[in-house]
Amino acid sequence: MTTAPPAEAAKTAALLSPSPTSAPRPEAPAAPPVRRVPLAVSGLLGAALTAYVWSAHGAKPGVLLLLGLALGIALFHSRFGFTSAWRQLVAVGNGTGLRAHTLLLGTTATLFALLIGTKTGLFGSVPAPSGGPLGFGLLIGSFVFAVGMQLGGACASGTLFAVGSGQTSIVLTLGGFIGGATLAAWQFDLWKDLPSLEPVVMADHIGWFGSWAVTILVLAAIVLVSRRVQARRNPPPIGAVPSARGAAARVLRGSWPLAVGALALAVLGAGVLLVSGGAWGVTSAFSLWGSELVRALGGHPESWSWWQQPGNKEMLAGPVLADKTSLTDIGIMIGAAVAAALGGTWTLHRGVPWRTATAAVLGGVLMGIGARLAGGCNIGAYLAGIASGSLHGWVWGGFALLGTWAGLKLRPLFGLGNPKPGDGVC
């Protein structure tokens, strides 16, 4: 039997050990009692809506709604976010959230390669990669989106699960998000001809195994670099959220480790691809909801150039509750409400300060516009793009980090704080 030399064993142990922080992570407080009324309301709403969608539109939309419900539960229990992860990384060098992203991205890329590479789909769907053009719209949109994230307090998926859990200020962010996405769709002619290059999907050049291997190697490098940065800056730990005691209770009522959330989200996101043929997305539904509101008020969004594009025209013409992205978005909000009520944390926050409210609306508007310019958000462009081996996903992430830096500079103008090295938690 051979053993690794002491130096190699020490390196392996150091690599697998938690990255250092200036203090131990605080103990999670006990979860409050179950909120029975919100649990009953959200549970009944989820069951009734699933039954209606299944009967009115068929099994495929019904399954997509169920996947959305499960995504909402996983997002809430793990508090899996992109906004706070990038804020912690840029402000104090804590890369815990970013490393959770790499696990989500790597697992999703693996599942996407298997499904798309073998053309495995359900309900007659043929899974396809999410490739996006490389151009000024992508650069500007991802930067603007990230600024909006830091002002609005949540990303696209984070907005949905925060709304579901009753966070009033994020309801304002969602309203601005819908408004910005609708405004960008209305003014599509102003930005549709920005210079761009054709999408570059690595699988078209080096095959799905090669694409997967390159993606995993780059993600591994990001993990190593983030650990080195964190070791040098020795940042505060991430705060703990309320959790139930005991393994079984923690599954239903507690907080999940970020790694568990990443794996759950990867499997569920792959489920969306398997069922629908397209990757999980969020923001196209916001343009649809806003345009339907415009139509209800007497407008004619069907005449907008955005809704004349292939695929978009069919989306506007069809029922909202048959639209893939609308179903998963609605499911996320309801699923998060169920999880928050079980965890005892569902509540409506009152008395939002006016500067916070202003930042929430402005941030939402910027995210809506940015998502349309960039061809997607942190889910539809960053996650789906990188998992598909599309270069636009990497570009989106890089410019979103720059936008995060800019957003942190603007947050104090609205009374919003940033993590500091001397904080107890970040």
Side-chain angles (χ1 to χ4, degrees), residues 68 83 132 136-138 140-149 151-164 168-194 278 280-333 357-381 384 396 403:
T83 306
F136 284 101
L138 174 63
I140 297 168
S142 54
F143 181 90
V144 168
F145 185 94
V147 173
M149 281 199 305
L151 296 181
C155 58
S157 53
T159 295
L160 294 173
F161 89 74
V163 167
T168 307
S169 63
I170 306 300
V171 174
L172 298 174
T173 302
L174 177 60
F177 213 147
I178 294 171
T182 306
L183 175 64
W186 174 43
Q187 294 299 320
F188 178 58
D189 289 335
L190 292 179
W191 54 271
K192 68 177 181 179
D193 293 323
L194 289 173
W280 173 28
V282 174
T283 59
S284 65
F286 296 163
S287 297
L288 175 62
W289 299 351
S291 297
E292 290 290 4
L293 177 60
V294 169
R295 181 152 59 184
L297 294 175
H300 298 282
E302 67 277 2
S303 65
W304 302 350
S305 297
W306 172 259
W307 293 116
Q308 297 299 317
Q309 303 305 300
N312 294 350
K313 186 174 184 179
E314 293 76 14
M315 184 190 303
L316 184 65
V320 169
L321 290 180
D323 172 57
K324 177 194 86 170
T325 309
S326 294
L327 288 167
T328 52
D329 284 2
I330 293 169
I332 288 171
M333 289 188 282
T358 302
V361 174
L362 176 60
V365 170
L366 291 176
M367 284 193 287
I369 294 172
R372 290 283 65 79
L373 287 173
C377 60
N378 57 293
I379 300 297
W396 195 101

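Any value given below was found using the heavy atoms of this structure, including those in side chains, with hydrogens, waters and symmetry copies removed. Sequential numbering from 1 along the given sequence is applied to the chain's residues.
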Testing the basics here: between [X] and [Y], what is the closest heavy-atom pair and its distance to 0.1 Å?
{"X": "V294", "Y": "P301", "answer": "CG1-CD, 4.2 Å"}
{"X": "W396", "Y": "C377", "answer": "CZ2-C, 3.5 Å"}
{"X": "A285", "Y": "S326", "answer": "CB-OG, 3.6 Å"}
{"X": "L172", "Y": "A360", "answer": "CB-CB, 3.9 Å"}
{"X": "A181", "Y": "S287", "answer": "O-OG, 3.1 Å"}

Gap between atom [atom2] of [Y] and atom [atom1] of [X] - 0.5 Å precision:
{"X": "I369", "Y": "F177", "atom1": "CD1", "atom2": "CZ", "answer": "11.0 Å"}
{"X": "Q308", "Y": "L316", "atom1": "CD", "atom2": "CG", "answer": "9.0 Å"}
{"X": "T325", "Y": "L288", "atom1": "OG1", "atom2": "CG", "answer": "9.0 Å"}
{"X": "D193", "Y": "F136", "atom1": "CG", "atom2": "CZ", "answer": "13.5 Å"}
{"X": "T358", "Y": "L362", "atom1": "OG1", "atom2": "CG", "answer": "8.5 Å"}
{"X": "N378", "Y": "S157", "atom1": "CG", "atom2": "OG", "answer": "4.5 Å"}

Using side-chain heavy atoms (C-beta onward) and a distance below 4.5 Å, is [X] in contact with [Y]?
{"X": "V144", "Y": "L373", "value": "no"}
{"X": "W304", "Y": "D189", "value": "no"}
{"X": "W289", "Y": "D323", "value": "no"}
{"X": "F188", "Y": "N312", "value": "no"}
{"X": "I170", "Y": "L174", "value": "no"}

Under the side-chain hydrogen bond (donor to acceptor under 3.5 Å, both in side chains) test, residues paired with W307 that sit two or more places apart: S291
[Y] backbone acceptor or donor facing [X] side chain under 3.5 Å:
{"X": "Q309", "Y": "S305", "value": "yes"}
{"X": "T83", "Y": "C155", "value": "yes"}
{"X": "T328", "Y": "K324", "value": "yes"}
{"X": "R372", "Y": "T283", "value": "yes"}

Verdict with reasoning, M367 to T173, per side chain to side chain contact (heavy atoms under 4.5 Å, CB included): CA-CA 9 Å; M367 284 193 287; T173 302; 3.5 Å; yes
Greater than 12 external heavy atoms within 6.0 Å of K192's NZ: yes
Heavy atoms of other groups near W186 CH2, more than 12 under 6.0 Å: no
Geometric class of the W306/W191 ring pair [parallel <30°, tilted 30-60°, perpendicular >60°]: tilted
